[in-house]
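So the structure is just underneath, and the comments pick up after that.
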Amino acid sequence: MSEAIECQAKRRGRLWVAHEPKHGVYGSGRTLRLVRASVEDGLALVGVTAEVKIIPVTPELEELRDAEDARMTALAKAVEALALRRTSLSDIALATGASVKQVKLVLARPAEDPRAHADPDSVPTGIRSPAVLP
């Protein structure tokens with residue numbers, strides 16, 4: 001398989017329906033696995049060999065994804081705050097309800113540079129970099 005293609009699947013009655021607009025392929029089925037197989041078969045008919053990832057879309061699933069994103073953001077903040085206080089990994093995991101593996105993954109991510117989101121007008125002017133001093 002040469003590429004991966006993501007398709008959103010929407011519920012229509014008792015069926016899931018997915019459309020892959022780039023190649024004009026539709027797929028449907030009673031289960032998401034059947035939809036994936038249907039889209040892959042349709043792609044094969046137009047000469048495209050690809051792994052298909054089906055993303056089910058409903059308002060409730062979108063709300064769930066948003067809640068999960070918010071939870072992961074809050075978890076990262078809590079883990080980083082506890083780590084700054086030299087809390088052990090196992091204590092961080094117990095305090096946050098996360099696994100030690102999740103805690104390690106959060107701590108392994110590069111920290112965001114607060115200057116990346118800073119307002120350019122808030123940067124003090126008149127300060128010279130050491131490289132440009134006479």
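We number each residue from 1, following the sequence as shown. Here the structure is a predicted model, which is why all the values come from computation and not from measurement.
Between K22 atom NZ and I5 atom CD1 the span is 6.5 Å, to the nearest 0.5 Å. To the nearest 0.5 Å, atom SG of residue C7 and atom NZ of residue K53 are 11.5 Å apart.
For E68, the side chain to side chain contact (heavy atoms under 4.5 Å, CB included) partners are R71, M72, not counting sequence neighbours. For Q8, the side chain to side chain contact (heavy atoms under 4.5 Å, CB included) criterion is met by V57, not counting sequence neighbours. With sequence neighbours excluded, the residues forming a side chain to side chain contact (heavy atoms under 4.5 Å, CB included) with R30 are R14, L15, listed by chain and number. Residues meeting the side-chain hydrogen bond (donor to acceptor under 3.5 Å, both in side chains) test with H23, sequence neighbours left out: E20. Residues passing the side-chain hydrogen bond (donor to acceptor under 3.5 Å, both in side chains) test with T58, sequence neighbours excluded: E60. Taking the side-chain hydrogen bond (donor to acceptor under 3.5 Å, both in side chains) definition, one finds that R65 meets it with E62, sequence neighbours left out.
Using a 4.5 Å cut-off on side-chain heavy atoms (C-beta onward), W16 and S28 make no contact. Using a 4.5 Å heavy-atom threshold, the side chains of L45 and V25 count as separate. Counting only heavy atoms from C-beta outward, the side chains of L43 and V52 approach each other to under 4.5 Å.
Contact between G27 and V35 at its shortest, heavy atoms only, is O-CG1, 4.2 Å.
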Show me the donor-acceptor pairs, under 3.5 Å and distance only, between side chains in residues 92-104 and residues at least two apart or in other chains.
residue, atom, partner, partner atom, Å
T96, OG1, I92, O, 2.8
T96, OG1, A98, N, 3.4
S99, OG, Q102, N, 3.0
Q102, OE1, S99, N, 3.0

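Among pairs with a residue in residues 33-85, none fulfils ring-ring contact (aromatic ring centres under 6.0 Å, His included), at least two apart in sequence or across chains. Judged as a ring-ring contact (aromatic ring centres under 6.0 Å, His included), not a single pair has a partner in residues 48-79 (not counting sequence neighbours).
In this structure, E51 does not pair ionically with R36, as no charged nitrogen and carboxylate oxygen lie closer than 4.0 Å.
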Given the rule in the side chain to side chain contact (heavy atoms under 4.5 Å, CB included) test, do E6 and I55 qualify, once you have shown the distances and angles that lead to the verdict? CA-CA 7 Å; E6 290 186 357; I55 302 168; 3.4 Å; yes
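Taking a 6.0 Å sphere around CZ of R33, one finds it holds 12 or fewer heavy atoms contributed by other residues, nucleotides or ligands.
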